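All remarks here apply to the structure that follows.
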Amino acid sequence: QVQLVESGGGFVETGGSLRLSCEITGPSFSGYAMAWFRQAPGREREFVAIIRWKSGSTYLRDSVAGRFTIARDNAKNTIFLQMAMLKPEDTAVYYCAATPPVGYRSFQALQSPTLYDAWGQGTQVAVSS
């Protein structure tokens, strides 16, 4: 099973930027879909961005599209979440997650956290108003 280690969280002011990283180790994950989720206090975990490792195709939730970018670095076995124009409502613990290839699943299906069987430890992002 793959293992995920996140880094890069922190505290920023509204309008600031952060880049989260997620290093992946373990068996071949070329067919995996990788995602970033976030969870704010008292709220359910929600998807933020998804990337298919093999193709590099991506999908982001509407509220972050145009501000966030998800990308991968094949050589470093790492995915990134570049966050810009941060808002207080982006404050949450951000998690990296991985799901193995089990047939084709649409981006809509991949928004469900129940499909993911590998999770990082989480990294806190706090945006001041």
Side-chain angles (χ1 to χ4, degrees):
Q1 186 173 355
V2 298
Q3 293 184 322
L4 311 173
V5 178
E6 300 119 338
S7 60
F11 178 86
V12 295
E13 296 182 347
T14 296
S17 299
L18 283 173
R19 189 176 80 159
L20 306 183
S21 300
C22 175
E23 184 177 3
I24 307 149
T25 58
S28 174
F29 48 85
S30 63
Y32 277 56
M34 309 293 300
W36 288 97
F37 287 81
R38 66 187 180 187
Q39 188 165 19
R43 302 191 66 175
E44 293 186 353
R45 192 167 296 190
E46 64 182 18
F47 103 97
V48 178
I50 303 164
I51 186 167
R52 299 187 191 275
W53 186 271
K54 192 171 185 179
S55 67
S57 58
T58 63
Y59 184 78
L60 292 90
R61 71 181 297 111
D62 288 346
S63 62
V64 307
R67 300 189 296 123
F68 292 11
T69 303
I70 185 171
R72 71 186 185 325
D73 184 326
N74 287 344
K76 296 182 179 180
N77 291 343
T78 300
I79 65 168
F80 303 97
L81 185 68
Q82 180 68 49
M83 304 184 292
M85 297 181 284
L86 282 160
K87 305 175 181 179
E89 51 264 42
D90 295 319
T91 295
V93 177
Y94 284 69
Y95 298 89
C96 177
T99 182
V102 183
Y104 175 80
R105 287 176 290 188
S106 67
F107 279 128
Q108 184 174 9
L110 287 169
Q111 295 175 30
S112 171
T114 61
L115 294 183
Y116 295 80
D117 59 4
W119 292 85
Q121 79 282 5
T123 185
Q124 178 71 53
V125 171
V127 185
S128 66
S129 58

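For this chain, numbers begin at 1 and follow the sequence in order. Here the structure is a predicted model, which is why all the values come from computation and not from measurement.
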Could you list the donor-acceptor pairs under 3.5 angstrom formed between side-chain atoms of residues 122-129 and any protein atom two or more places apart in sequence or on another chain?
residue	atom	partner	partner atom	Å
Thr123	OG1	Gly9	N	3.1
Gln124	NE2	Ala92	O	3.3

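- The neighbour count for Glu23 CD, taken as heavy atoms of other residues, nucleotides or ligands under 6.0 Å away, does not exceed 12.
- Linking ILVMFWY side-chain heavy atoms closer than 4.5 Å, directly or via other members, places Phe80 and Val2 in two distinct hydrophobic clusters.
- Here the CG-CD distance, from Asp117 to Gln1, works out to 5.0 Å after rounding to the nearest 0.5 Å.
- Arg61 has its side chain within reach of Glu46: a pair of non-hydrogen atoms, C-beta onward, lies under 4.5 Å apart.
- Rounding to the nearest 0.5 Å places CG of Leu86 at 8.5 Å from OG1 of Thr91.
- A donor-acceptor pair under 3.5 Å is formed between the side chain of Arg67 and the backbone N or O of Ser63.
- Arg72 contributes atom CZ, which lies 14.0 Å from atom SG of Cys22 (distance to the nearest 0.5 angstrom).
- Once rounded to the nearest 0.5 Å, the distance linking CG of Leu60 with CZ of Phe68 reads 9.0 Å.
- Note that SG of Cys96 and CG of Leu81 are 9.5 Å apart. Values are rounded to the nearest 0.5 Å.
- Residue Met83 is tested with Val48, Val12, Leu18 for a side chain to side chain contact (heavy atoms under 4.5 Å, CB included); the sole match is Leu18.
- Around CD of Glu89, the count of heavy atoms belonging to other residues, nucleotides or ligands within 6.0 Å exceeds 12.
- For residues 5-19, no pair satisfies side-chain hydrogen bond (donor to acceptor under 3.5 Å, both in side chains), with sequence neighbours left out.
- Leu110 belongs to a hydrophobic cluster whose remaining members, ordered by chain and number, are Phe37, Phe47, Ile50, Tyr59, Val93, Tyr95, Phe107, Leu115, Tyr116, Trp119; membership requires side-chain heavy atoms of ILVMFWY residues under 4.5 Å apart, directly or through intermediates.
- Side-chain contact between Trp36 and Ile51: absent, with no pair of heavy atoms (C-beta onward) separated by less than 4.5 Å.
- Side-chain contact, Thr58 with Arg52: no donor N or O sits under 3.5 Å from an acceptor N or O.
- How far CD1 of Ile70 is from CD1 of Ile79: 4.5 Å, rounded to the nearest 0.5 Å.
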Audit row: Tyr32, Thr99, side chain to side chain contact (heavy atoms under 4.5 Å, CB included) steps and yes/no: CA-CA 6 Å; Tyr32 277 56; Thr99 182; 5.7 Å; no
Please test Arg45 against Arg38 for side chain to side chain contact (heavy atoms under 4.5 Å, CB included), starting from the C-alpha separation and ending with a verdict. CA-CA 6 Å; Arg45 192 167 296 190; Arg38 66 187 180 187; over 6 Å; no
